[in-house]
Amino acid sequence: MSDFTTWDILRNLLLAARWTVVLSVVSFVGGAIVGALLLFMRIGKGRAGPAFVKAYVEIFQGTPLLMQLFLAFFGLGLFGIDVPAWLAAGVALILWSAAFLTEIWRGCVEAIARGQWEASSSLGMGYVQQMRYVILPQALRIAVPPTVGFSVQVVKGTALTSIIGFVELSKAGTIVTNATFEPFKVYGIVALIYFCLCWPLSKSSQILERKLNVAHRNH
Amino acid sequence: MSLIEITEVKKRFGDNEVLKGINIDVEPGEVIAIIGKSGSGKSTLLRCINGLETIDDGSISVAGAQLLPDEIHLKALRLKVGMIFQQFNLFPHLTAGRNVMLSQMVVKKTPRGEAEAMAKKMLERVGLGHKFDAYPDELSGGQQQRVAIARALAMQPIALLCDEITSALDPELVNEVLAVVKELASEGMTLLMVTHEMRFARDVCSRVVFMHQGRVHEIGPPGEVFAEPRTPELKQFLGML
Amino acid sequence: MSLIEITEVKKRFGDNEVLKGINIDVEPGEVIAIIGKSGSGKSTLLRCINGLETIDDGSISVAGAQLLPDEIHLKALRLKVGMIFQQFNLFPHLTAGRNVMLSQMVVKKTPRGEAEAMAKKMLERVGLGHKFDAYPDELSGGQQQRVAIARALAMQPIALLCDEITSALDPELVNEVLAVVKELASEGMTLLMVTHEMRFARDVCSRVVFMHQGRVHEIGPPGEVFAEPRTPELKQFLGML
Amino acid sequence: DALATIEKDKVVRIAVPQDFPPFGTVGSDMQPQGYDVDMAKLIAEKLGVKLELVPVTSANRIPYLQTNKVDLVISSLGKNAERAKVIDFSEAYAPFFNGVFGPADVAVKDTKDLSGKTVGVTRGAIEDLELTKIAPSDVTIKRYEDNNGTISAFLSGQVDLVATGNVVAAAIIAKNPPKKPEIKFLIKNSPCYIGLNKDEPALLAKVNEIIAAAKKDGSLDAISQKWLGAKLPADL
Amino acid sequence: MHYTFDFGWLLEYWPVLLKGIGITVELTLVGGVLGVSLGVACAWARALGPGWLRPIVTAYVEMIRNTPFLIQLFFIFFGLPALGIRMNELEAANLAMVINLGAYGCEIIRAGIQATPKGQFEAGASLGMSRIQTFWHVILIPALQRIWPALSSQIVIVMLGSAAVSQIAAEDLTFAANFIQSRTFRAFEAYFVTTLIYLALAVLLRQLLRGVGWTIFPRRGAASRAR
Ligand SMILES: Nc1ncnc2c1ncn2[C@@H]1O[C@H](COP(=O)(O)OP(=O)(O)OP(=O)(O)O)[C@@H](O)[C@H]1O
Ligand SMILES: Nc1ncnc2c1ncn2[C@@H]1O[C@H](COP(=O)(O)OP(=O)(O)OP(=O)(O)O)[C@@H](O)[C@H]1O
Ligand SMILES: [Mg+2]
Ligand SMILES: [Mg+2]
């Protein structure tokens, strides 16, 4: 049995943090794609689409991510899909972040003044054209800060995948703790690494938000 | 045949009947002022003509074509009738020039070069040729409203609907917008405008419509309507100002 | 000894010297109107007297006690001088009655029963005894302003500062507030009010202060100031109205 | 047929612990190592296929097997009747004595002495099931998600005692921790078995055959010497 | 799919579930009340408090908001004993939830305070109230009312996040699911049932918070009653 130096601890945690980063990126990008599809269903015409998305959001925002991970992990397996931990983690995180992103973005679309819809209607544009040329470009701008802000939640959410056995930063932390008997140090470092990943995101979200508010005031 | 024929138009919001049977015929080149108290249904009428609201009863036809509430008919209608709003409603993410170009390119599929030429021309017409590359938030309210007019004109409508287009402007900016409208009128554009500018209505309009509680309460040339109001409601309304 | 003595008061915001040496003595029972153009420093002066702004130079004393910018002196001052704002500033989460009771109970530690009785009395005095349990957003602007007056009165101040207390009101509501103020004046309350209501100033005030560019430009009884303005600035100001 | 699939795919997926020294831990290179890991290697070698190690915890190793994420569980798995209803067990492949362990200054000799104490176990491990059965009612049993949690809880003083395997405690002591888990009493002798899904007679037979052969040719003894520091007990 | 669902274990294990629900509810209530209180205190400190306090509170808020709850939990439960600070798993879970909600609540409530019209502060001051009195009697309630929906969502998020406390053997609802799963090997069913319970708890909690809003913000109630 080998002994861990502080450098070993740090090195192993940083190596595991790569998985945290990969998982975060996958979840966020995947969540954004699924979230965008849901957004179109949600704000589109028709009745079934919006109702489905409402229920979807209610379920994914109304249950713990931890349970979603468990169900993805054990549930998918039941359907004969061989799910490695990373796949279950990815699927659950994607579906989870999609629910939040969809709601964030819906708020942004709805924040666009009614006058923009009416002006573009009165110029003869159809629904898709209005969306494409008038509403979305504006919604996208105001959506950037809260979206970046949410990415912090995704990074932190990946910590829960440790519980279905995926060895990312948190899991590595528990494993290393067990091999070194230094929980204070190890969890301290783990927290620090998370902070280094998340803080730049939080900060840039705040800065973007401030910029946008200033821009708004200039109108 | 009139250019715009409004016949027995009714519109309800829930229990609230806002238009109770409106009849107006607008001849080509006419400039019509619509006046009336707040809540009398002026905006609603304009919005119905532009298809922003569907009517519950009656009919509206523009240049002989009936207004039907499906996408194709609506689009055809809106190509004929432009609308300008109190709040300008410029697209804030586009420059003045791109605001004017957008609908041409998207709706009429005008090639970019042509659309740009048209945008230049229309901005010149409202006196803003030099603001082609300015964003809306770099323009004064009066300038923004003139861009909105240029944007509507670029679609080459046969009539323009204006809903209190100077109400959101500071007093010193009102005239620059009214001057543009006056010029349009003198060039023969058909105009329907809701306005509180009585002097302007008197000087420029061919007819004045006084709306009251969802009905056309009085209608006639401005000389008559302003000088000899026949109903006590109109008298009171004019006295209030 | 005057009730309020304002001596050589100066106030700067950054580079902008807003009050450039103000001298006013207010006798008990006097009603003083402060008039002047926007930006002349009227509000700033009142805010200094109430300790909402600290002065850079000069002195202010109320009933013989010097205004010093520490919590204890400020509190003592504010118990003597009440202030009423243009925007009413009622506490939206409390009923009219509780608005009037709050500061008595919190600041003076008046027992609830007593505070309630006082609140009732003061609301009666401004004609709103029946609105004890109404929330601010259930009241008209004029009623809200009268509650604000009652709230200030409940602290039993020896003077009241009023900053354009009718400017945010619809014209028909102005009079109900002015009537209350008039009555206070006739009961001997010392009042300093910034106002644009010249008629009111003429009828009710004992003296008028005309401020211009941070200075007391003219001061005197309303008859004099309004009838025979001595400076061109005051003439121009009165002509503008 | 799982065996056929394994032979066709040329890979066997085996669940091993990584939080359970000396059966499965990680080295400073974070690679799994230990008794169970070597056992897994042996089986793969004898099957003549590639080995895919899947790290699991006591809590999730059964679901891994049930949902076909792994073919075999070699994770110091103890056998009892309840479990035997759900999965199949091979012959025993390693000795295992469950006991209650604690620091020298805690006076506990048998089950009765546990009264009023707090004991940490790993949820779902055989010692959890056994201790739950025998412990007096005033014992507080804290069940942690995995052995990492159990060991951390003991070392940080969150529990007075832990119930775990003797060799596990020995492995911890060998690393010279701030707090040493000394044996208080044994709960049960429950050798470890390889777990596999029900209705896989071919695979079961094959695994048993490999275990028997390994016992005979001494390769299992070697593993035992390496990780437990003793020969295999004769009665295994 | 060769798996047959079996919910028969519910008969035997419902007391475990019930206890889990009890603990989750307890954690949420304590965490909610104390967390919001801490959030109010921190929001006051950041928006109106003395200069020296602000960077401290800011550091706390940023630290918590940028690290996972699970790690905070491990740090408190496994890490702090190294400094001689030991608490049992429920205390640790409660503490983690309080400091977590405290940090998020701080930011939300601060936004509410900063949206307060300046006139409210001045009205309080001109009536002779001290800064603290003004904050407490005048500013706080309308500020909370302004951000109540956002704060409610955050409380729900913290309730759902409490699922992680099973990791330190706190016997909450998730622990119950894990426990049942380890005894019956009915992982999917156990988690499925538990998830439904969480969903119901989230809906109930949201209703409860709406009710709390109705009672502590009487203005809205009175106004709509009048209407
Ligand atoms: N989308 C809507 N839903 C419900 N009611 C509406 C809607 N739009 C307008 N109304 C109601 O219809 C009535 C007439 O409104 P409208 O905007 O046409 O009046 P207006 O004459 O333009 O008044 P103003 O001078 O204030 O603009 C009002 O009572 C208004 O409340
Ligand atoms: N808090 C502040 N910071 C900086 N400048 C200020 C501040 N308050 C007032 N000023 C400036 O002080 C000057 C006088 O303001 P003040 O509000 O006293 O004028 P006023 O006579 O009350 O005008 P009005 O009739 O518009 O209320 C103005 O130029 C204003 O911009
Ligand atoms: Mg209107
Ligand atoms: Mg002022």
Side-chain angles (χ1 to χ4, degrees), chain C residues 43 46-47 49-53 70-96 98-109 131 133-139 144 147-148 151-157 160-163 168, chain E residues 36 40 43-44 48-51 53 109 111-149 151-152 209-227:
Chain C
S43 298
L46 285 203
R47 295 163 57 80
I49 301 174
N50 199 234
L52 289 174
E53 308 280 359
D70 58 276
E71 282 257 334
I72 296 163
H73 280 87
L74 271 180
K75 184 176 154 185
L77 169 84
R78 284 165 176 161
L79 288 178
K80 290 185 236 161
V81 183
M83 183 147 178
I84 304 159
F85 303 84
Q86 180 175 347
Q87 296 301 338
F88 328 144
N89 292 340
L90 290 189
F91 306 137
H93 61 301
L94 301 177
T95 60
R98 304 271 308 150
N99 258 281
V100 183
M101 288 161 65
L102 180 67
S103 56
Q104 300 177 62
M105 290 166 63
V106 169
V107 180
K108 291 191 175 174
K109 314 289 178 206
K131 291 292 188 185
D133 289 321
Y135 281 89
D137 63 357
E138 297 165 335
L139 298 175
Q144 288 189 53
V147 173
R151 185 172 70 174
L153 290 177
M155 300 298 281
Q156 301 182 290
L160 270 188
L161 311 175
C162 307
D163 191 359
Chain E
V36 171
V40 167
W44 170 82
L48 309 166
L53 195 53
I109 296 165
I113 292 173
Q114 284 173 341
T116 305
K118 207 168 131 235
Q120 293 288 311
F121 291 94
E122 299 192 335
S126 78
L127 287 166
M129 289 190 229
S130 67
R131 287 166 58 91
I132 301 265
Q133 286 173 332
T134 305
F135 173 74
W136 185 250
H137 293 287
V138 174
I139 307 302
L140 181 58
I141 296 289
L144 283 178
Q145 179 171 16
R146 237 167 261 134
I147 48 77
W148 193 247
L151 192 59
S152 300
L209 289 168
R210 199 167 297 154
V212 169
W214 275 85
T215 48
I216 61 174
F217 309 125
R219 180 175 75 103
R220 197 189 294 155
S224 50
R225 242 179 283 131
R227 234 172 270 137

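Just so it is clear, the model here is predicted, and its values are computed rather than measured. Lettering follows sequence order; numbering is per chain, from 1.
- Neither the backbone nor the side chain of C:Leu161 comes within contact range of chain E, judged by heavy atoms closer than 4.5 Å.
- Among C:Val106, C:Ile84, C:Asn50, C:Leu52, the residue making the largest number of heavy-atom pairs under 4.5 Å with chain E is C:Val106.
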Kindly indicate, with the supporting measurements, whether the criterion side chain to side chain contact (heavy atoms under 4.5 Å, CB included) is fulfilled by C:Met83 and E:Glu122.
CA-CA 9 Å; C:Met83 183 147 178; E:Glu122 299 192 335; over 6 Å; no
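- Between chain C and the residues E:Gly128, E:Ala123, E:Ser126, E:Pro142, the most heavy-atom pairs under 4.5 angstrom are made by E:Ser126.
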Assess the residue pair E:Ser130 and C:Lys75 against the criterion (side chain to side chain contact (heavy atoms under 4.5 Å, CB included)); give the C-alpha distance rounded to whole Å, side-chain angles, the decisive distance to 0.1 Å, and a yes or no.
CA-CA 8 Å; E:Ser130 67; C:Lys75 184 176 154 185; over 6 Å; no
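- Contact record, C:Ala152 with E:Leu127: CA-CD2, 4.4 Å, taken as the closest heavy-atom pair.
- Contact of C:Arg151 with chain E is made through backbone and side chain together, with heavy-atom distances under 4.5 Å.
- Both the backbone and the side chain of C:Phe91 come within contact range of chain E, each with at least one heavy atom under 4.5 Å from a heavy atom of that chain.
- With hydrogens and angles disregarded, no donor-acceptor distance shorter than 3.5 Å links the side chain of C:Gln87 to the backbone of E:Gly119.
- Although no hydrogens or angles enter the test, the distance criterion places no donor-acceptor pair under 3.5 Å between the side chain of C:His93 and the main chain of E:Ile139.
- Annotation for E:Met129 and C:Leu102: closest pair CE-CD2, 3.6 Å, computed over non-hydrogen atoms.
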